[in-house]
Amino acid sequence: MSAPDRDVVVVGAGPAGCAAAVFAAREGLDVAVFDRGRSSLARCAHLENYPGFPAGIDVGTLSDLMRAQVERAGCALVDDLVESVERSGDDSDDSAESDGSAESADPDGPRLVVRPQEGDPVAARRVIAATRYDGEYLRGLGDDDAMFEVHDHGGETHEHFDREYADRDGTTPVDGLYVASPSEASRQAITAAGRGARVGKRVVADARIDAGWWPDAAEGVDWVRREAELDDEWADRDRWVEWFDEEHADGPVDPDSERFARVREAAVDDALSSYVDADEEAARAAAGRRALAGRLDPEAVVDAHGADALLDAMDDEAVAAHLAGDESDAERPDEASP
């Protein structure tokens, strides 16, 4: 099999798609997000129950923030409509089952091909469907009978994508296909984002399993902790190694094998990298506030803080230069005057 163009392709950049993409990209997976369709989020006038926004948030600002986060995480955001997702045509080895002691024959090969409306086809190891209204682009994967449900309306037959087709973690009978599309139980933006995060975590775990991790070791979280919370014992890497050995001593992989040692090394690296010092914590906090402030209207910032507070926060030289510029404009002759 040839190498895929992307590790993961996400179809849809709503709350579910963006959440799934961020989780996958932060693991280091190469992710592309395709989005040029009618978003269900765009139909909302204002979101009142999304945590973190006490007065609610307009849909445009939330969408801009989500897209900015997707790109900051390292994803490619592609303005193109996906017309179909097909099997790669060379996936005969994908169905081979592992005996738990060895890795799959070709974990890096593509499983699916994404065909957009305008751009070139993209081969992907995994595809996450995160569109709400239309699953037509998923036809032809060989599971239409289970994927689509038939309804009778006024004597006419209609087919709709079955929102309950995927398991709770997004996995489906189609190898490499995950569904994060909001179901009837996750129609709100916040619950859709939660579904996307759950599917993103499943994709990360499966990518690790393809790389030789076993299921219990592959499950993980994505958070950042204060380095100061590490006591003397857990500040020592050897203590993490001991913990891993104890945790997985009865697992499916021989603790004396090269595979076990390799996964342990990666798992300990992952755990220790989640701790940051005070300077890094402050830098990340400042970057997060700047990213949020950059999406706010200047008038709203003035209303919230008051002109005096903003002037106090500004550099004196910048204020002086601004005033000097205003004075220069005021003294400039009106070219239209006689």
Side-chain angles (χ1 to χ4, degrees), residues 1 3-4 7-8 19-31 73-74 93-109 111 124-126 128 166-173 175-178 180 194-277 280:
M1 271 182 200
D7 294 322
V8 181
V22 167
F23 269 81
R26 283 178 53 80
E27 174 65 14
L29 299 177
D30 185 1
V31 182
D93 292 335
D94 285 344
S95 60
E97 296 184 2
S98 170
D99 62 3
S101 62
E103 300 172 32
S104 59
D106 187 6
D108 297 324
R111 290 171 173 168
R125 183 64 174 152
R126 293 176 172 84
I128 301 174
D167 290 339
R168 187 174 182 274
D169 61 0
T171 53
T172 73
D175 195 20
L177 176 66
Y178 302 75
R195 179 177 174 87
R198 185 165 59 245
V199 175
K201 289 178 65 178
R202 180 69 260 162
V203 167
V204 167
D206 286 348
R208 288 177 171 179
I209 291 171
D210 278 352
W213 298 48
W214 50 98
D216 286 346
E219 298 289 345
V221 295
D222 184 4
W223 55 26
V224 179
R225 307 181 192 181
R226 294 183 178 90
E227 192 176 67
E229 294 181 2
L230 284 171
D231 58 27
D232 291 340
E233 178 185 8
W234 289 98
D236 185 354
R237 183 183 182 87
D238 289 342
R239 180 64 187 92
W240 286 93
V241 171
E242 292 174 4
W243 169 83
F244 188 91
D245 289 349
E246 294 167 358
E247 189 76 7
H248 300 285
D250 298 326
V253 177
D254 182 358
D256 294 325
S257 67
E258 182 277 334
R259 180 185 176 195
F260 188 95
R262 175 165 52 82
V263 172
R264 177 179 60 201
E265 186 77 5
V268 171
D269 284 345
D270 187 58
L272 289 174
S273 68
S274 67
Y275 290 89
V276 298
D277 60 25
E280 177 64 16

Holding to side chain to side chain donor-acceptor pair (under 3.5 Å), I want the full list of residues that pass it with [X], two or more places apart in sequence or in another chain.
{"X": "Glu247", "value": "none"}
{"X": "Thr171", "value": "Asp167, Asp169"}
{"X": "Glu233", "value": "Arg239"}
{"X": "Asp245", "value": "Arg264"}

Query - Glu27 side chain near Asp7 side chain, heavy-atom distance below 4.5 Å - result: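 Not in contact.
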
Query - Test item: Phe244 and Val263 side chains (from C-beta on) under 4.5 Å apart, heavy atoms - result: yes

Heavy-atom pair of closest approach, residues [X] and [Y]:
{"X": "Gly196", "Y": "Ala180", "result": "CA-CB, 4.3 Å"}
{"X": "Pro255", "Y": "Ala249", "result": "CG-O, 3.9 Å"}
{"X": "Ala271", "Y": "Ser274", "result": "O-OG, 2.6 Å"}
{"X": "Ala218", "Y": "Ala205", "result": "CB-O, 3.6 Å"}
{"X": "Ala197", "Y": "Ala19", "result": "N-CB, 3.7 Å"}

Over 12 non-hydrogen atoms of neighbours within 6.0 angstrom of [atom1] in [X]:
{"X": "Asp254", "atom1": "CG", "value": "yes"}
{"X": "Asp250", "atom1": "CG", "value": "no"}
{"X": "Arg198", "atom1": "CZ", "value": "yes"}

Query raised in the report: Within the side chain of Arg126, is there an N or O that forms a donor-acceptor pair under 3.5 Å with the backbone of Asp206?
Result: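 Checking the backbone N and O of Asp206 against the side chain of Arg126, a donor-acceptor pair under 3.5 Å is found.
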
**Report entry** Flag, side chain of Trp240 to backbone of Trp234, donor-acceptor distance under 3.5 Å
**Finding:** yes

For the atom pair [atom1] ([X]) and [atom2] ([Y]), what is the distance rounded to the nearest 0.5 Å?
{"X": "His248", "Y": "Trp243", "atom1": "NE2", "atom2": "CH2", "answer": "5.0 Å"}
{"X": "Trp223", "Y": "Tyr275", "atom1": "CH2", "atom2": "OH", "answer": "8.0 Å"}
{"X": "Asp231", "Y": "Asp236", "atom1": "CG", "atom2": "CG", "answer": "10.5 Å"}
{"X": "Glu219", "Y": "Arg208", "atom1": "CD", "atom2": "CZ", "answer": "9.0 Å"}

Report summary line: Pro215 meets the side chain to side chain contact (heavy atoms under 4.5 Å, CB included) criterion, sequence neighbours left out, with Ile209

Report task. Not counting sequence neighbours, which residues clear side chain to side chain contact (heavy atoms under 4.5 Å, CB included) with Arg226? List them please. Result ->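 Scan of Arg226 (side chain to side chain contact (heavy atoms under 4.5 Å, CB included), adjacent residues dropped) gives Glu229, Glu281.
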
**Report entry** Member of Val203, Val8, Ile128, Val22 meeting the side-chain contact (heavy atoms from CB on, under 4.5 Å) criterion with Val31
**Finding:** Val8

**Report entry** Ionic contact status for Arg237 with Glu242, cut-off 4.0 Å
**Finding:**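 A salt bridge is absent here (no side-chain N lies under 4.0 Å from a carboxylate O).
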
Query - Stepwise salt bridge (charged side-chain N to carboxylate O under 4.0 Å, His left out) check, Asp210 with Arg111 - result: CA-CA 13 Å; Asp210 278 352; Arg111 290 171 173 168; 3.8 Å; yes

